[in-house]
Amino acid sequence: MPASAIITSALPYANGEIHLGHIASTYLPADIFTRFLRLKGVEAYHICASDDFGTPILIKAEKEGKKPEDYVAHWNRRDAEDFAAAGISFDLFYRTSSPENVKFVQDVFKKLKQNDHIYEHDVVQFYCEFDDKFLPDRYVVGKCPFCGADNQYSDLCEKCGRVPDEILEPKCAICGRPPVKKQSTHYFFKLSNFSQELKKWLSENARLQTDVKNYVINWINEGLQDWDITRDLSWGVPIPLDEAKGKVFYGWFDNHLCYISTAAKLIEEKGGDGKKFWNGSDIYHFIGKDIVYHHYLFLPAMRMGINREYKLPDYIPTRGHLMLQNQKISKSRNWYIGLRDFVSVFNPDYLRFYMASIVTYSQDDLNFDFDAFAEKINNELIANVGNFVNRALSFTQKSFAGRVPEAGTLAQDDSEIKDAVAAAVKETGELLSANETDRALRRILALSNQLNQYFQKKKPWSEKDTAAATLYVAVNAARSLAILLAPFIPFSAEKMWSQLGLQGSVHKQSWDSAGQFAILAGHALGRVEPLFKKLEAKEIEEQKAKLGRK
RNA sequence: GCCGGGGUAGCUCAGCUUGGUUAGAGCGUACGACUCAUAAUCGUAAGGUCGCGGGCUCAAAUCCCGCCUCCGGCACCA
């Protein structure tokens with residue numbers, strides 16, 4: 001366990017809302033992990049930012065008649081709200097367009113240039129003489145050379161999903177006129193300089209996922225291409241050279257540097273030294289599998305290129321994409337569920353619980369299934385966990401006037417439960433440390449199941465002699481469950497905490513204390529009521545029917 | 001085509017790295033128990049030639065080879 005850690009989640013692009021896919025692959029695993037570290041007493045910070053620059057944003061902003069600054073500010077705010085509603089707890093949600101990041105990116109560029117990792121090269125680009133500007137990427141539309149679909153972007157055909165080398169019948173996306181080709185000087189990052197060093201780093205770092213590493217090493221063996229990091233565009237981090245007026249950096253040059261500039265800002269606001277803290281911490285970058293290339297190659301290469309002034313990541317937890325009802329998420333087909341919509345209908349903890357139960361520590365894709373969702377919530381979260389907590393607390397309420405009874409000497413089966421709780425805390429902690437979120441949750445459910453068995457076997461409703469000891473054990477075990485579940489279902493765990501009549505927040509407790517029975521005889525419970533409401537078939541069917549409907 | 005991951009009970013999956021008790025869990029099904037609890041819980045049972053074929057071995061779901069089959073990725077989309 002490190003003394004301090006910085007956890008980053010991949011930056012959401014500031015041109016659309018957060019949906020369930022984002023949550024499953026990146027933000028929820030990162031949040032659960034960070035919450036766990038905090039309980040373990042690690043000085044852990046979860047940071048993120050909106051990814052503000054780039055062509056698609058500029059085009060959208062122009063279409064909506066807004067300044068790009070205002071356009072991205074809207075999404076930044078909106079994303080932050082949505083994350084908060086789902087219990088994703090960032091210590092700082094900042095933006096790539098922050099002055100801190102702009103300065104940092106420019107400094108890094110200058111250092112890379114000094115270290116001879118940057119070169120200039122003339123490229124031929126589309127240029128619109130009418131609008132008087134270069135037309136990178138999505139500023140050019142035309143006919144897809146693969147499927148023949150009209151009006152597709154030059155860098156991506158949305159019809160067939162392929163990336164054309166050269167689009168047919170090109171047109172300027174702003175005015176519709178055919179562009180001309182014109183030369184422009186671009187800056188390239190010599191990714192190829194780092195092939196050997198990257199290979200060595202990947203091979204030697206046992207903390208990175210093996211399947212992802214193999215995949216990336218293949219790319220290196222095939223030969224890395226240098227990266228064009230320039231765009232002839234007005235919206236981006238300006239290239240800090242007099243001769244590069246009107247040119248900005250490509251988004252993938254600046255956005256992951258924002259992990260560092262944002263972390264540094266946070267630490268410095270707390271009175272610390274950003275660089276020192278970064279280099280003294282374990283660094284985790286949580287990502288989805290689609291951005292493996294950038295995080296396993298581009299990001300480490302750039303840090304190598306500035307002589308590892310900021311350390312390379314220790315972990316890059318990479319997960320697969322979410323499918324909805326066994327089909328790929330697609331906005332255009334409305335096969336898609338926005339986070340805001342979902343948590344306005346369902347308890348956000350239900351989403352977290354279900355997602356956490358299906359998310360594996362691998363690149364495999366996940367599947368969100370509404371029936372499985374309802375089943376897991378009703379049968380596991382409510383009938384198993386919720387029921388145990390509720391029967392333990394309400395029995396104490398009724399039979400012992402809401403006060404935890406004196407246990408006396410614990411019988412063997414009582415002590416066994418105490419040991420079982422301690423074992424579960426230890427094992428769940430190990431699984432969470434290893435990022436095995438789904439297994440960790442399963443381990444907690446196994447404990448809860450065992451507690452129900454215990455309660456059933458001890459029959460406190462008829463066995464009056466041992467009832468006091470049983471309830472003493474059960475209430476304490478419920479407290480342990482609250483702490484164990486706090487990273488997964490933060491809102492409900494807090495409710496459990498207050499029903500237990502405990503002071504403060506469950507999120508401020510120590511994980512290890514969950515292995516002990518800390519509630520003493522005589523302790524008064526809070527107000528007890530069912531923690532959860534069951535999902536009904538009707539509301540599930542309503543949601544299913546919405547999918548795919550336009 | 002290349003690379004990667006799967007194929008285990010009706011369904012969803014675990015186990016396979018380090019071969020070795022009657023191959024496990026949840027859901028579903030049948031029967032029973034209980035009543036503290038949101039008809040929740042607990043117990044018992046039925047149900048699998050662990051994709052197919054071959055090999056190594058005293059012993060294979062687990063290691064090796066071949067085949068069939070499904071899925072994903074192939075570069076800037078979490």
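Small disclaimer: the values here were computed from a predicted structure and weren't measured. Each chain gets a letter, A, B and so on, in the order its sequence line appears, and its residues count up from 1.
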- Query: What is the per-nucleotide protein-contact pattern of nucleotides 6-18 of chain B, from the 5' end, where B denotes a base atom under 4.0 Å from a protein heavy atom, S denotes such proximity for sugar-phosphate atoms only, and - denotes neither?
  - Reply: ---------S---
- Whole-angstrom distance between B:U57 and B:G73, as gauged at atom P: 42 Å
- Message: Say we look at B:C64 and B:G4: how far apart would their P atoms be, to the nearest angstrom?
- Response: 14 Å
- Query: Expressed in angstrom and rounded to an integer, what is the separation of A:N255 atom CG from B:C77 atom P?
  - Reply: 10 Å
- Query: Between atom CG in A:D371 and atom P in B:G28, what is the gap in whole Å?
  - Reply: 13 Å
- Nearest-nucleotide 5' precedence on RNA chain B, A:L224 against A:G320: A:L224
- Item | Proximity to RNA chain B (any heavy atom under 4.0 Å), residues of residues 292-304 of chain A only | A:Y293, A:H294
- Are the charged groups of A:K538 and A:E541 less than 4.0 angstrom apart, N to O? no
- Message: Is it the case that the ring center of A:F189 lies less than 6.0 angstrom away from the ring center of A:W227?
- Response: no
- Write down the distance between CG (A:L381) and C1' (B:C27), rounded to a whole number of angstrom. 16 Å
- Side chains of A:Q543 and A:E539, donor plus acceptor under 3.5 Å: no
- Message: Check A:D82 with A:R340, please: is the shortest side-chain N to carboxylate O separation under 4.0 Å?
- Response: yes
- Note on the structure: To the nearest angstrom, the CD-P distance between A:E17 and B:A78 comes to 14 Å
- Given the C1' atoms of B:A46 and B:A30, what is the spacing between them in whole Å? 8 Å
- Whole-Å C1' distance, B:U49 and B:A61: 12 Å
- Could a donor-acceptor pair under 3.5 angstrom be found where the side chain of A:Y13 meets the base of B:C77? no
- Task: Scan A:I23 against the nucleic acid and name what it touches under 4.0 Å (heavy atoms): base, sugar-phosphate only, or nothing.
- Result: nothing
- Message: If I compare all heavy atoms of A:K458 with all of A:T466, which pair ends up nearest, and what's the gap?
- Response: O-OG1, 4.3 Å
- Task: Any strand is fair game: report the nucleotide pairing with B:U17 by Watson-Crick or G-U wobble, both distances under 3.5 Å, or none.
- Result: none
- Item | Most 5' of A:Q225 and A:I287 on RNA chain B, judged by nearest nucleotide | A:Q225
- Query: In Watson-Crick or G-U wobble terms, both distances under 3.5 Å, what is the partner of B:G72?
  - Reply: B:C3
- Message: Check the orientation of A:Y259 and A:H256. Use parallel for under 30°, tilted for 30 to 60°, and perpendicular for over 60°.
- Response: tilted
- Can you say whether the rings of A:F346 and A:F342 are parallel (under 30°), tilted (30 to 60°) or perpendicular (over 60°)? tilted
- Query: Roughly how many Å is it from CD in A:Q209 to P in B:G4, rounded to a whole number?
  - Reply: 17 Å
- What class does the angle between the rings of A:F109 and A:F253 fall in, given that below 30° is parallel, 30 to 60° is tilted and above 60° is perpendicular? perpendicular
- Note on the structure: A:I217 CD1 to B:G4 C1', in whole Å, measures 14 Å
- Message: Base, sugar-phosphate or nothing for A:K289? Non-hydrogen atoms, less than 4.0 Å.
- Response: sugar-phosphate
- Note on the structure: Answer for the Watson-Crick or wobble partner of B:U44, both distances under 3.5 Å, is B:A30
- Message: Is it the case that the base of B:A78 and the side chain of A:T26 share a donor-acceptor contact (distance under 3.5 Å, atom types as modelled)?
- Response: no
- Task: Rounded to the nearest angstrom, tell me the gap between atom CG in A:N15 and atom P in B:C77.
- Result: 10 Å
- Message: Would you say A:H46 and A:S9 are linked by a side-chain donor-acceptor pair, where the criterion is simply a distance under 3.5 Å?
- Response: yes
- Message: Measuring only the P atom in each nucleotide, how far is B:C67 from B:C31? A whole number of Å is fine.
- Response: 50 Å
- Task: Could you measure between the two C1' atoms, the one in B:G72 and the one in B:C36, and give it in whole Å?
- Result: 49 Å
- Item | Whole-Å gap separating P (B:G72) and CG (A:D365) | 8 Å
- Ring centre gap for A:F370 and A:F368 strictly below 6.0 Å: yes
- Message: Under 4.0 Å between a side-chain nitrogen and a carboxylate oxygen: does that hold for A:E17 and A:R78?
- Response: yes
- Task: Would you sort out whether A:Q453 and A:N449 count as a side-chain hydrogen bond (donor to acceptor under 3.5 Å, both in side chains), showing the intermediate values?
- Result: CA-CA 6 Å; A:Q453 287 169 13; A:N449 180 244; 3.1 Å; yes
- Sticking with atom P, work out how far B:G48 lies from B:G5, rounded to a whole angstrom. 31 Å
- Task: Using the C1' atoms only, state how far B:U44 lies from B:C3, rounded to an integer number of Å.
- Result: 49 Å
- Message: Counting the atoms with a prime plus P, OP1 and OP2 as sugar-phosphate, which does A:W219 contact under 4.0 Å by heavy atoms, base, sugar-phosphate, or nothing?
- Response: nothing
- Item | Between A:Q397 and A:R527, a side-chain donor and acceptor under 3.5 Å | no
- Task: Determine, for nucleotides 36-44 of chain B in 5'-to-3' order, which nucleotides have protein heavy atoms under 4.0 Å from the base (write B), from only the sugar-phosphate (write S), or from neither (write -).
- Result: BBB-SBSS-
- Task: Determine, for A:R95 against A:D51, whether the closest basic-nitrogen to carboxylate-oxygen distance falls under 4.0 angstrom.
- Result: no
- Just name whichever nucleotide pairs with B:C67, Watson-Crick or G-U, keeping both distances under 3.5 Å, else none. B:G51
